[in-house]
S.K.: 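This is the structure I want to talk about, given as structure tokens.
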Amino acid sequence: MNANCPECDAVITMDKPLKGEIVVCPDCGAELEVTDTNPLTLALAPEEEEDWGE
Amino acid sequence: MRVSLVGGSGYAGGELIRLLLGHPQVEIDQITSESRVGEYVYQAHPNLRKQTALQFTALDQLRPCDLLFLALPHGEAQKRIAQFAALAPRMIDLSADFRLRDPARYEQWYHKPHAAPEWLAQFVYGLPELHRADLQAARYASGVGCNATAGLFALLPLQRAGLIDTEKPIVIDIKVGSSEGGNAPSLASHHPERSGSVRSFAPTGHRHTAEIVQETGLANVHLSITSVELVRGVLATAHVWLKAGASEKDLWKAYRAFAKDEPFVRIVKDKTGIHRYPDPKILAGANFVDIGFELDEATGRAVSLCALDNLMKGAAGSAVQAMNLMCGFPETTALGFSGLHPL
Amino acid sequence: MRVSLVGGSGYAGGELIRLLLGHPQVEIDQITSESRVGEYVYQAHPNLRKQTALQFTALDQLRPCDLLFLALPHGEAQKRIAQFAALAPRMIDLSADFRLRDPARYEQWYHKPHAAPEWLAQFVYGLPELHRADLQAARYASGVGCNATAGLFALLPLQRAGLIDTEKPIVIDIKVGSSEGGNAPSLASHHPERSGSVRSFAPTGHRHTAEIVQETGLANVHLSITSVELVRGVLATAHVWLKAGASEKDLWKAYRAFAKDEPFVRIVKDKTGIHRYPDPKILAGANFVDIGFELDEATGRAVSLCALDNLMKGAAGSAVQAMNLMCGFPETTALGFSGLHPL
């Protein structure tokens, strides 16, 4: 099954997705949560914005 | 005069202690640090070994004093500002908590409501070159953002001379060192990963934009921050389009006028030698702000450059300079170190 | 296939030799260097010890071969291009002499008339990602300017997708390493002066602007170069205003389309981890071009980033890639090194 990453529109294919499953987008590395499996829909998993640099 | 420092184990705190130890009119009473209570100050700041016997105390042991410096992580000072104000007639907060006058703008850039908005109006923005008179009469002063300070000094000479075409965008591309990130280690600051990296850690937005907009009134300002192989130091490269007809001579006049009465502002624009433009490397530990420019007459683009030490002019140096003004001491007291060369 | 290299003692020459030694279809016949005649190649390029027994020969000893690389200082190749052309059916010149098609533009940027303007039209600009078909049919190819290449790759994804508002200025702030200056020592490159410096050595103008204007057709492009503590590596930070309504998804589509069929172009834009944007540090010795972006939706400013190794994709790597195309070898031959981490 296919869905588009909400962040960068990359096509993400999953064979047996589970609701609530977390998957990482291969293009932009965003963490995505399966919010529905029929059809497959993905939403950005909440992650706090850690200050990664200076 | 007796001063105390809340949050003295960080890099800016350590720099502040170094400066205050060299200040003839000042005696440090207490330095607090929750994480290092009981340790000697030099254990956090090795350059201060045999310079002070002070040990870090706990916050709740804080006694009243004449002037209180606050060097806590962002967001902490605003929670207990009333408690601190009760301990000293004057305060200087090095964090970002009281730099912005407008609570709404604070929330926009720091993503949470300010915990003590009513105090914001009582703090003067602690950049002496911009608020000398206000500071002389002030009880409370904020610190300055290191990147904002470099960006401000790159724009002010042009803005004061009315040379900027405010219709055109202003781009400030800032190169920074690793000490801006503080002394908390992370994978990003792990030496094998950090050394030699050229890292665009804030390509489009950075909190310090808010200070530049507030202090210059210019709206069309766009920041970008890249960290390079450097510990101390900031170089701001500001790309500014000038009003039609602005010439190299106009720029010289503008920069000279700006630097004339400022003890710490130097113009660096030479035709020969290897130090032709401002370079933060030779400013480590000094309170100087080196400014310079180059004009591309064909396109009307001026590139205005500003170099400074983020821990000095961008933090502790400006704080001591502000203290000197607030307390009536000569402005340059304890800030005479001229930097090292070679380094 | 037998190839020879004119001017093999410089950094770009040394990198080219390293790559050619690893190329299955190529055998190096001669490497000339006036300053090092008789010395072993590895004496100039220590990494090549026991990799080749070749010695530098004098220019007048040059024999005919199948393809001649020219890596002379700027201005030299154009003086003797006819003499070189007589020695080989194909030539690739790494210098700036044959990059610009228009002799007038050459004179404008290099401040002297071109010595062989009639040859300019015969050279294809040696950037495979821009001139793959031309190179496959070409006899002569120029090298690429390292800063120009980084600036080009920062603009091309946006330009090809028609996203750029060409009314607005484009500012490209480029951070470079010291190997761009070549192996001739000076006070400026003297270690105590160069190490840790953040030097604005070309604040407004740089010759490579001409190549960017020529290859993109964009006129409103403004460069600024700052050298930082780095030996190999270039990071271009391009500030580009997009047409109204351009979204993050449009940018992803544009960069993905650009990188899709390009073996050496990688998109680096991650939300987590410490390698979120292109950084030249990990590209030392690799032929990759890492591109990334960040969109400031509030202002319509896109910051497009490009990192590469100035000696590889910015010089020798592109030259070998162009040779592969010109001679019908697989394009990635001898260019498979993926770079080191940590470094």
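The sequence lines fix the lettering, A, B, ..., with proteins before strands; numbering per chain opens at 1. Atom set for the values below is all heavy atoms of this structure, side chains included, hydrogens, waters and symmetry mates excluded. Not measured: the values here are computed from a predicted model.
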S.K.: Heavy-atom distances under 4.5 Å only: say whether B/Val171 touches chain C with side chain, backbone, both or neither.
M.R.: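 Side chain of B/Val171 only, per the 4.5 Å heavy-atom cut-off to chain C.
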S.K.: Checking side chain to side chain contact (heavy atoms under 4.5 Å, CB included) for the pair C/His275/B/Arg199: CA distance, chi angles, key distance, verdict?
M.R.: CA-CA 8 Å; C/His275 303 287; B/Arg199 183 184 291 164; 5.9 Å; no
S.K.: Checking B/Leu187 against chain C: side chain, backbone, both or neither under 4.5 Å from a heavy atom?
M.R.: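 Its backbone and side chain both get close to chain C.
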S.K.: For B/His190, which atoms come within 4.5 Å of any heavy atom of chain C: side chain, backbone, both, or neither?
M.R.: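 Nothing of B/His190, per the 4.5 Å heavy-atom cut-off to chain C.
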S.K.: Does any backbone or side-chain atom of B/Ile282 lie under 4.5 Å from a heavy atom of chain C? Answer side chain, backbone, both or neither.
M.R.: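 Nothing of B/Ile282, per the 4.5 Å heavy-atom cut-off to chain C.
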S.K.: The criterion is ring pair (Phe, Tyr, Trp, His ring centres under 6.0 Å); which residues satisfy it with B/Phe288, sequence neighbours excluded?
M.R.: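 By the ring pair (Phe, Tyr, Trp, His ring centres under 6.0 Å) rule, B/Phe288 matches no residue at all.
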S.K.: Between B/His239 and chain C, with a heavy-atom cut-off of 4.5 Å, which part of the residue counts as in contact: side chain, backbone, both or neither?
M.R.: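 Answer is side chain: those atoms of B/His239 sit under 4.5 Å from chain C.
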S.K.: Determine whether C/Lys175 and B/Thr237 satisfy the following criterion, side chain to side chain contact (heavy atoms under 4.5 Å, CB included), listing intermediate values before the conclusion.
M.R.: CA-CA 11 Å; C/Lys175 291 85 179 170; B/Thr237 310; over 6 Å; no
S.K.: Is the number of heavy atoms from other residues, nucleotides or ligands under 6.0 Å of C/His341 NE2 greater than 12?
M.R.: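 For C/His341, atom NE2 is crowded (more than 12 foreign heavy atoms under 6.0 Å).
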S.K.: Quick check on B/Lys249: does its NZ atom have over 12 non-hydrogen neighbours (other residues, nucleotides or ligands) under 6.0 Å away?
M.R.: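 Counting other residues, nucleotides and ligands, NZ of B/Lys249 stays at 12 neighbours or fewer.
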S.K.: Grab the two heavy atoms, one from C/Pro203 and one from B/Leu305, that are nearest each other, plus how far apart they are.
M.R.: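 Looks like CG-CD1, 4.3 Å.
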S.K.: Checking B/Lys281 against C/Val198 for the side chain to side chain contact (heavy atoms under 4.5 Å, CB included) test, could you report, in this order, the C-alpha distance in whole Å, the side-chain angles of both residues, the deciding distance, and whether it holds?
M.R.: CA-CA 7 Å; B/Lys281 171 182 176 175; C/Val198 188; 6.0 Å; no
S.K.: Is a donor on one side and an acceptor on the other found under 3.5 Å between the side chain of B/Arg301 and the backbone of C/Thr204?
M.R.: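 Confirmed, B/Arg301 side chain pairs with C/Thr204 backbone.
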S.K.: Would you please test C/Ser200 and B/Leu235 for side chain to side chain contact (heavy atoms under 4.5 Å, CB included) and show each step?
M.R.: CA-CA 9 Å; C/Ser200 319; B/Leu235 176 73; 3.6 Å; yes
S.K.: As an exercise: rank C/Ser224, C/Pro342, C/Ala284 by heavy-atom pairs under 4.5 Å with chain B and give me the winner.
M.R.: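 Option with the top pair count is C/Ser224.
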S.K.: Counting neighbours of NZ on C/Lys253 that are heavy atoms of other residues, nucleotides or ligands and sit closer than 6.0 Å, is the number greater than 12?
M.R.: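 Open.
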S.K.: Among B/Ala307, B/Ser195, B/Ala298, single out the residue with the greatest number of heavy-atom pairs under 4.5 Å to chain C.
M.R.: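 Highest number of pairs under 4.5 Å: B/Ser195.
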S.K.: Could you tell me which of B/Val303, B/Leu295, B/Asp279 has the largest number of non-hydrogen atom pairs under 4.5 Å with chain C?
M.R.: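 If we count pairs closer than 4.5 Å to chain C, B/Asp279 comes out on top.
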S.K.: About how many Å separate OG of C/Ser197 and CD1 of B/Ile274, when rounded to the nearest 0.5 Å?
M.R.: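 With rounding to 0.5 Å, CD1 (B/Ile274) is 8.5 Å from OG (C/Ser197).
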S.K.: Checking an interface table here. Which of residues 225-234 of chain C come within a heavy-atom distance under 4.5 Å of chain B?
M.R.: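 Hits under 4.5 Å: C/Thr226, C/Val228, C/Glu229, C/Leu230.
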